[in-house]
Protein chains: 2
Amino acid sequence: MTAVAALPPKGRIRQAQEAVILRAAERVFARRGFSGATVADIAAEAALPKSTVHYYFGTKEALHRAVLDDILALWLEGTEAIRPEAEPHEALAAYVRHKMQLSAERPDASRVFANELLHGAPQIDDALRGGLRALVHEKAAVVDAWIAAGRMAPVDSTHLFFTVWAMTQTYADFAPQVAAVLGCHTPLPAAEQRRASTHVERFVLRACGLSAPDSPPHDLQGPIR
Amino acid sequence: MTAVAALPPKGRIRQAQEAVILRAAERVFARRGFSGATVADIAAEAALPKSTVHYYFGTKEALHRAVLDDILALWLEGTEAIRPEAEPHEALAAYVRHKMQLSAERPDASRVFANELLHGAPQIDDALRGGLRALVHEKAAVVDAWIAAGRMAPVDSTHLFFTVWAMTQTYADFAPQVAAVLGCHTPLPAAEQRRASTHVERFVLRACGLSAPDSPPHDLQGPIR
DNA sequence: GTCTATATCTGGATAGAC
DNA sequence: GTCTATCCAGATATAGAC
């Protein structure tokens, strides 16, 4: 109808099928990596014939790229709390909680992203040097302003982001290591997940000089088991 | 000669060849992952014919396992500083510096290990639940004793290790992300590497209530809430 | 639009000459 | 011990029936 649409408007069926395939692909790429995943695996996970996957996405690489694009959008969310007028303690706590929640609820997304970075980011390096870089610079400036105003301890604002990402995503990406040390299974039981989240939040806040004065609840401490 | 040797003693040549192959394999597995790496790649990297690799290690999986075993040994090092009589500030600072140095000097080892964890640790789960778990329990007990003695702030001692590993290894495993945000290349220039190391060390020490008397320009025990 | 059947290629592994 | 030549399983991608 409209002359504006450069691409053919996607039908309802197509959209639904693509969504099913993308979710299946995320799970399979997370488990096996890009090279280890096969189109047959993905088709089986989506309960579709192999050729249907090729019909909708063409190649395995194009499908992988589509999965990554979705994940990157997810990654750029969650920084809204970090704005000049906000309270540093509240803003950083909210950001850490958001990241821990993402790590717990979308571990496969985190793993696909991690795998891409681990192998040199061949497909999303451009996006990282574009959107991600700009976002971090903007938010780092906010943190720097807080520091200059004496509202939090001096930390390297850019590396603060690397640090928070690393601490939160480790529970998704390297879950087998965490589970092995804790002697439990993966995914982590809800109680362990809460303990992790509490730890990371308090750790970051204290490192930023934003911790509440005292009173650690004793039940959250102590050796495991 | 000796009846003690259960396995045939490795000849000089064999040992040298195996070492060459192991180093080449570490580089290739780091770049391409287990599934993405081919024996032909590894052989080319080692400047040997493909069959020689098979001759020494049998299968690609066995070679991968050998690489992982070497790396795991490297991973278990570096905790000697953490012992009851030590000064918490010194011990933790030394451990963080050791890990940052490892991340900078052996990034490929870190990446091979990360890739294995990312895909469920199929080959080293047993080792993690054995040696690694025992080591962390032992060292976490030391940290707990420091906390009980009021020598550092209360942190979850087990998760402290997850946190330190995550923060330090992120500079090896996810280098493309760091480089993209900083607008530089990978590996990171030496100056950026030092900046990262300084950040992580200060971050951890402050989170553990061990920050040096170095010029916090304001009250770190913020009154917030 | 969807699926069966198949062409084509890649890569792990080995046989056997040297 | 070392390397060339080769085998064969498994994977991507497509042709063509429905």
Side-chain angles (χ1 to χ4, degrees), chain A residues 1 5 7-68 112 115-116 119 122-123, chain B residues 1 5 7-68 112 115-116 119 122-123:
Chain A
M1 284 283 266
L7 294 170
K10 292 180 180 177
R12 290 282 181 289
I13 299 157
R14 185 177 197 93
Q15 259 181 317
Q17 291 279 59
E18 286 186 357
V20 167
I21 294 168
L22 283 169
R23 286 186 58 82
E26 182 176 294
R27 287 192 293 272
V28 175
F29 283 135
R31 278 203 296 269
R32 307 252 218 277
F34 175 74
S35 313
T38 70
V39 177
D41 287 339
I42 294 168
E45 183 82 20
L48 288 170
K50 195 170 57 160
S51 300
T52 303
V53 175
H54 280 293
Y55 173 72
Y56 283 110
F57 289 94
T59 69
K60 179 171 117 167
E61 186 171 325
L63 173 56
H64 187 242
R65 194 175 184 104
V67 172
L68 280 176
V112 174
N115 193 63
E116 171 72 4
H119 300 116
Q123 317 226 9
Chain B
M1 283 290 264
L7 294 170
K10 292 181 181 178
R12 290 283 181 286
I13 299 158
R14 183 175 197 95
Q15 259 181 315
Q17 291 279 59
E18 286 185 359
V20 167
I21 293 168
L22 283 169
R23 285 185 57 82
E26 182 177 293
R27 287 193 293 271
V28 175
F29 283 135
R31 279 202 297 269
R32 307 255 219 279
F34 175 73
S35 313
T38 70
V39 178
D41 288 339
I42 295 168
E45 183 81 22
L48 288 170
K50 193 169 63 155
S51 301
T52 302
V53 175
H54 280 291
Y55 173 72
Y56 282 110
F57 288 94
T59 68
K60 180 170 116 166
E61 187 171 323
L63 173 56
H64 188 241
R65 193 174 184 104
V67 171
L68 281 176
V112 173
N115 192 64
E116 170 72 4
H119 300 117
Q123 317 223 10

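Numbered from 1 within each chain, the chains take letters A, B, ... in sequence-line order. Keep in mind it's a predicted model, so treat the numbers as computed, not measured.
- Contact record, Arg32(A) with Ser35(B): O-OG, 4.3 Å, taken as the closest heavy-atom pair.
- Closest approach of His54(B) and Val39(B) over heavy atoms only: NE2-CG1, 3.7 Å.
- Nucleic acid contact for Tyr56(A): sugar-phosphate only, since backbone atoms but no base atoms lie under 4.0 Å from a heavy atom of the residue.
- Rotation axes derived from the C1' atoms of the five outermost pairs at either end of the helix from dG1(C)-dC18(D) to dC18(C)-dG1(D) lie 0° apart, to the nearest 10°.
- Annotation: side chain of Arg31(A) is in contact with side chain of Val28(A) (closest heavy-atom distance under 4.5 Å).
- Here the CZ-CG distance, from Phe29(A) to Leu63(A), works out to 4.5 Å after rounding to the nearest 0.5 Å.
- Inter-residue side-chain proximity for Asn115(A) and His119(B) is flagged as met; some heavy-atom pair is nearer than 4.5 Å.
- Atom NZ of Lys50(B) and atom P of dT4(D) are 12 Å apart (whole Å).
- In Arg23(A), the CZ atom is not crowded: 12 or fewer heavy atoms of neighbouring residues, nucleotides or ligands sit closer than 6.0 Å.
- The stretch residues 19-26 of chain A does not touch DNA chain D, since none of its heavy atoms comes less than 4.0 Å from the strand.
- Thr38(A) comes within 4.0 angstrom of sugar-phosphate atoms only, judged by non-hydrogen atoms across all strands, and of no base.
- Here dA13(D) presents its C1' atom at 16 Å from CG of Asp41(A), a figure rounded to the nearest Å.
- Distance, Lys60(B) NZ to dA9(D) P: 18 Å, rounded to whole Å.
- Taking atom OH of residue Tyr55(B) and atom C1' of nucleotide dT4(D), one finds them 17 Å apart after rounding to whole Å.
- Using a 4.5 Å cut-off on side-chain heavy atoms (C-beta onward), His64(A) and Val112(A) make contact.
- Under the 4.5 Å side-chain criterion, counting only non-hydrogen atoms from C-beta, Gln17(B) is in contact with Leu48(B).
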Steps toward side-chain contact (heavy atoms from CB on, under 4.5 Å) verdict (Phe57(B), Arg65(B)): CA-CA 10 Å; Phe57(B) 288 94; Arg65(B) 193 174 184 104; over 6 Å; no
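- Looking at Glu116(B), its side chain does come within 3.5 Å of a backbone N or O of Gln123(B) through a donor-acceptor pair.
- Contact between Glu45(A) and Ala24(A) at its shortest, heavy atoms only, is CG-CB, 3.7 Å.
- If you find the closest nucleotide of DNA chain C to Ser51(B) and to Leu48(A), the one lying nearer the 5' end belongs to Leu48(A).
- Residue Glu61(B) is classed as having no contact, given no heavy-atom separation below 4.0 Å to the nucleic acid.
- Residue contacts shown for Ala37(B) are limited to sugar-phosphate atoms, with no base heavy atom under 4.0 Å away.
- On the nucleic acid side, DNA chain C has its first and last nucleotide under 4.0 Å of a heavy atom of chain A at dG1(C) to dA5(C), going 5' to 3'.
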